[in-house]
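All heavy atoms count here, side chains included; hydrogens, waters and symmetry mates do not.
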Amino acid sequence: MVDIGGVRVEQDGPFTLLAGPCVIESRDAALRHAERIAAIAERVGVPYIFKSSYDKANRTSVDSFRGPGLEAGLEILAEVRERFGVPVITDVHERQDVAAVAEAVDVLQIPAFLCRQTDLVLAACGSGKPVNIKKGQFLSPAEAVPMVHKAHSTGNTQVMVTERGYAFGYQNLVVDYRSLVLLRETGAPVLFDATHSVQLPGGAGEATAGQPRFIPHLARAAVAVGVAGVFMEVHEDPSHALSDGSNSLALDQLPALLGDLKALDTLIKGTE
């Protein structure tokens, strides 16, 4: 079990929603999304953690929007947490950023491409804050076991691991749902990233493409397997999102999907 600002993320408990726009586009946009998603989650009865990045350091093109940066971004995330009373998670790409990020948010997230970067993982876990490690799309479930053991070596047991699809071909990802069972062998709560799993990496040439129509199907299947949480990038207008709009869930689709996931979760786990 991982305790995140009073939200308990545990394998056999009610699933948690981690959602928000991919990147902080502006202060107003971040606050607007956080308020609306938090209200939807409360209505449905699903624990909620706000997600957004202050810097998208692994964009396809050097010209892509990356976010407001460390200082301004963390101020916005701290305001979201204070104003709406929800825990906040954000990516950390650089070891030197860990201390500042740990002061401002509730969970540090290791991006998939960096999940084997030992110094970054040890620094994030050494902060004492909960850490979510995105399993790289180049790793098998078995390879995630030493990855999580590495994190636990710091003495921090507040670690989660997230499945986000496998790169089995050019510019495509495939989800193997056996992974959601096998990843439990890490001893960490297992999350499923329903939006990055529909990416077509580099599929638009200078940007990542995606297949968002599959998001609801993949999310429902993951909850049916029994996950501790579902990670989703949600945007009020994906066609105008500044990052990952092509694989984001439209905000107006969230209430119905979240209701489905809640009902499935209750059925599978026998929880409320």
- Establish, from distance only, whether the side-chain atoms of Gln117 and Arg95 form a donor-acceptor pair under 3.5 Å. no
- Query: Do Ile4 and Val2 have side chains that get closer than 4.5 Å, going by heavy atoms?
  - Reply: yes
- Will you find, in the side chains of Thr162 and Asn132, an N or O donor that is under 3.5 Å from an N or O acceptor? yes
- Task: Could you tell me whether a side-chain N or O of Gln11 sits under 3.5 Å from a main-chain N or O of Val190, the two making a donor and an acceptor?
- Result: yes
- Quick one: does Asp3's side chain have a donor or acceptor within less than 3.5 Å of a partner on Gly6's backbone? yes
- So Phe192 and Tyr177, would you call those rings parallel, tilted or perpendicular, with 30° and 60° as cut-offs? tilted
- Between Tyr48 (side chain) and Ala19 (backbone), is there a donor-acceptor pair under 3.5 Å? yes
- Task: Apply the side-chain hydrogen bond (donor to acceptor under 3.5 Å, both in side chains) test between Tyr166 and each candidate in Ser197, Ser140, Ser179; give the one that qualifies.
- Result: Ser179
- Spell out, as yes or no, whether a donor-acceptor pair under 3.5 Å connects the side chain of Asp55 to the backbone of Gly69. no
- Query: Is a side-chain donor or acceptor of Lys269 paired with a backbone partner of Val227 at a separation under 3.5 angstrom?
  - Reply: yes
- Message: Quick one: does any side-chain atom of Lys129 pair with a main-chain N or O of Val105 as donor and acceptor, under 3.5 Å?
- Response: yes
- Donor-acceptor contact below 3.5 Å, side chain Thr90 vs main chain Ser52: yes
- Query: With the threshold set at 4.0 Å, does a side-chain nitrogen-carboxylate oxygen contact exist between Lys134 and Asp91?
  - Reply: no
- Query: Which residue pairs pass the side-chain hydrogen bond (donor to acceptor under 3.5 Å, both in side chains) test with at least one member in residues 14-31, sequence neighbours excluded?
  - Reply: Glu25-His235, Arg27-Glu79
- Task: For Lys51 and Cys22, indicate whether the former's side chain and the latter's backbone hold a donor-acceptor pair under 3.5 Å.
- Result: yes
